[in-house]
Protein chains: 2
Amino acid sequence: MFKRAKQSRVFQDVVDQIQDAVLNGKLVPGTKLPPERELKDIFNTSRGTLREALRVLEQKGLIEIKLGVSGGAIVKRIDAEPVVESLALLIRSGGVSLEHLAEFRIKIEGSLVELAAARATKKDIKELEALFNQAKVYYEKNDWENFLKTDEKVHTFIGTMTRNPVFQFVQKTIHDNIHRYYAEYLPMNKERTLENLTDFEKIIDAMKVNDAKTASAIIMDHVKRFSDKMQEKINGNSK
Amino acid sequence: MFKRAKQSRVFQDVVDQIQDAVLNGKLVPGTKLPPERELKDIFNTSRGTLREALRVLEQKGLIEIKLGVSGGAIVKRIDAEPVVESLALLIRSGGVSLEHLAEFRIKIEGSLVELAAARATKKDIKELEALFNQAKVYYEKNDWENFLKTDEKVHTFIGTMTRNPVFQFVQKTIHDNIHRYYAEYLPMNKERTLENLTDFEKIIDAMKVNDAKTASAIIMDHVKRFSDKMQEKINGNSK
DNA sequence: AATATCGAATGGTTTAACCATTAGCATAGT
DNA sequence: ACTATGCTAATGGTTAAACCATTCGATATT
C-alpha cells in the first residue's frame, strides 16, 4: 500500500531543484550560477554536499564549470553528448556488439536517408556537392584519413537534412561509436574509397530529384556492403 | 596543434581508474568496493573528493551505493538506464517535439517489427498470445489503464524479440518518453482500444508465419494512425 | 603604451568530526 | 527453546573550516 519513503540525499534534492529550474526555463543556457560559497547558503547545505550535486549536474550535461575569478557553474544548452557517452559505455562494456550496431545502422540509415532525400533543398544539394568535391580531392591524393573525416561529415550532414533532432543525434551516436571499429578493422584503399565515392555520387543524384526510395536503397546497400566486409575482416582476424 | 593540457581534477582520475577497471573486467558486476574510508587511502585523496568520484560513477550507472553496515559501492552491470535518462533530458529540454518523436518512431518501429517477425520463435508467439489475451480481458472490462500497460509490455517484448540490444533500448527510450504524451492527449475509448487490439492480432498472425514485411506494414500504419490522432488532438486543443 | 606584478574571487582539496542507517548479535521475556 | 527487543559497530551522508591553485583585472613600472 505505501511506498518506501525515499531516503533523501541532500545533494539529490539540490540536483533536482536546479534541473527543474533548467527544464522550466527559469535558468536559461548561459546563466551563471552563484559561487559555491553562496549556493551552499542558498540551499542551506555544506560546500561538500553542494559540490556532489554539481558533479552530478555536470555529468548530466546541464552545467559546465569554469575556474578562476569570474568562473563558476554555467548552465549549458543540453546536447546529445551525455547520450553518446553513456551509449558508448554500454557498447564498450560488451552489452552491444559490432553486429548489433551494424544491423541497427542499416535500418536507421535507410530511413534517415529516405527522409533527408524527401526534404532536400537546393542549398542542401549544394552543400553535399561541396563535400563530394572535397572527398574527391582526398581520394585523388590518397589521403585516407581526411577522406574518412569527410565521409563522416557527409553522414552527419545528411542527418541534419532530416530536420529531425532524434535522427540527428542517433546518427551521431551510431557513427561516433562505430568509427572505432572502422579505423581498426577496415583499412581504406584506392578501390574501396572509389566505391564509397561512387555510392555518394549516386545518392546525390537521387536526392536532386527527391527520389527518397532510391537514395534509401543505395545507402542501405552501401552500409550493408561495408559492414559485411568489416565483419569478414574481424572473423578472419580472430581465426 | 596541441590540446590544452587537461587540468587534472583528482576525482576525475579516480573515476577513470575505476571505470577502466570495470571495462577491463578487473571489477566484475557484483563486486563490492572497499568502504570510503579505505578507498580514500588507496587513492591517496580525501573523503570529499572520493565521494565526488563516487557520485559521477553512480550517475554513469557503473556503481550502486547501499547504506548501513555491509553497505558500500557495488559494481553494477551496465544497462541502458543512463542512456534512457539522458535522452529523456534532451527531449524534455525542448530539443525534441512530439512530431519529431513520432516520425522517428514510425520508422524505427517498422524496422524493429520486421526484425522481430523474421526472428520470432514459437515461444515468442506464445508469449505474445498470452499478452493478447490479457489485453482482451482489460478491453472487455473497459480497464483502459491496464490495457495501456499491457500494450506497453507488448511493444517492449517485441523489442526483445529482435535479439538486438540497440533496438531494445531505443524502443524502451522512445516509449518511455512518448508515454507522457499518450496519457495526456489520447484518452482511450472502446472503439480506439478495439482498433488497437485488432492491429495486435494481425501482427501476431503475420509473425506466426514470419511474414516480416506484412508485420512491419501493419505496425507502421498503426503507429502512424495513432500519432496522427494525437497530433490532431494537440492542434485542436491549442487553438 | 606596453609590460610586469600583485591581489582578490572562485573552484579544488584536505581534515576531522558528527549524524543516520543498517546488519548482526546479545540479551530478556515468554 | 523461541521470539522480540535493543545495543553495537560498520558504513554512507553531512557539516565545518582551512588552505591551495587558477584566473582576471587593477595597479605599478618601464
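Order of the sequence lines sets the chain letters (A, B, ...), proteins ahead of strands, with each chain counted from 1. These numbers come from the heavy atoms of this one structure, side chains and all, not from hydrogens, waters or symmetry mates.
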Might you point out which heavy atoms bring B:His155 and B:Gln171 nearest each other, and give the distance in Å?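 The pair with the smallest heavy-atom distance is O-NE2, 3.1 Å.
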
Is it the case that B:Gln17 and B:Asp13 place a side-chain donor and acceptor less than 3.5 Å from each other?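 On atom types as modelled, these side chains qualify, holding a pair under 3.5 Å.
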
Does one side chain, of A:Thr121 or A:Asp124, offer a donor that lies under 3.5 Å from an acceptor on the other?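 Result is yes, a qualifying pair exists.
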
Does the base of C:dG11 carry an N or O that pairs as donor and acceptor with the side chain of A:Arg51 under 3.5 Å?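 For A:Arg51, whose side chain was compared with the base of C:dG11, there is no donor-acceptor pair (under 3.5 Å).
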
Hey, does the side-chain of B:Arg9 have a donor or acceptor N/O within less than 3.5 Å of a partner on the base of C:dG11?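 No.
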
Between [atom2] of [N] and [atom1] of [X], the distance in whole Å:
X	N	atom1	atom2	value
A:Leu67	C:dG11	CG	C1'	5 Å
A:Leu50	C:dT10	CG	P	14 Å
A:Glu36	D:dT14	CD	P	16 Å
A:Leu39	C:dG11	CG	C1'	12 Å
A:Asn44	D:dA16	CG	C1'	13 Å
A:Arg37	D:dA16	CZ	C1'	13 Å
B:Arg47	C:dA17	CZ	P	13 Å
A:Gln12	D:dG12	CD	P	18 Å

Salt-bridge present (B:Lys76, B:Glu64; N to O < 4.0 Å):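 So B:Lys76 does not pair with B:Glu64 through a salt bridge.
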
Would you call B:Glu58-A:Arg9 a salt bridge at under 4.0 Å N-O?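 A salt bridge is present here (some side-chain N lies under 4.0 Å from a carboxylate O).
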
Below the 4.0 Å mark, does C:dT14 have OP1 or OP2 next to a side-chain nitrogen or oxygen of B:Thr45?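 For C:dT14, OP1 or OP2 has a side-chain N or O of B:Thr45 closer than 4.0 Å.
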
Is there a side-chain contact between A:Thr49 and the phosphate of D:dT15, meaning an N or O under 4.0 Å from OP1 or OP2?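 Yes, such a contact exists.
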
Nearest-nucleotide wise, let me know which of A:Val10 and A:Gly68 is further upstream toward the 5' end of DNA chain D.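 Taking each residue's closest nucleotide, the earlier one in sequence belongs to A:Val10.
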
Output the single nucleotide from D:dT14, D:dG12, C:dA9 whose closest atom is nearest the side chain of A:Val69.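 It is C:dA9.
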
Looking at the side chain of B:Ser46, which of D:dC24, C:dT13, C:dG11 is the nearest nucleotide?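 For the B:Ser46 side chain, the nearest candidate turns out to be C:dT13.
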
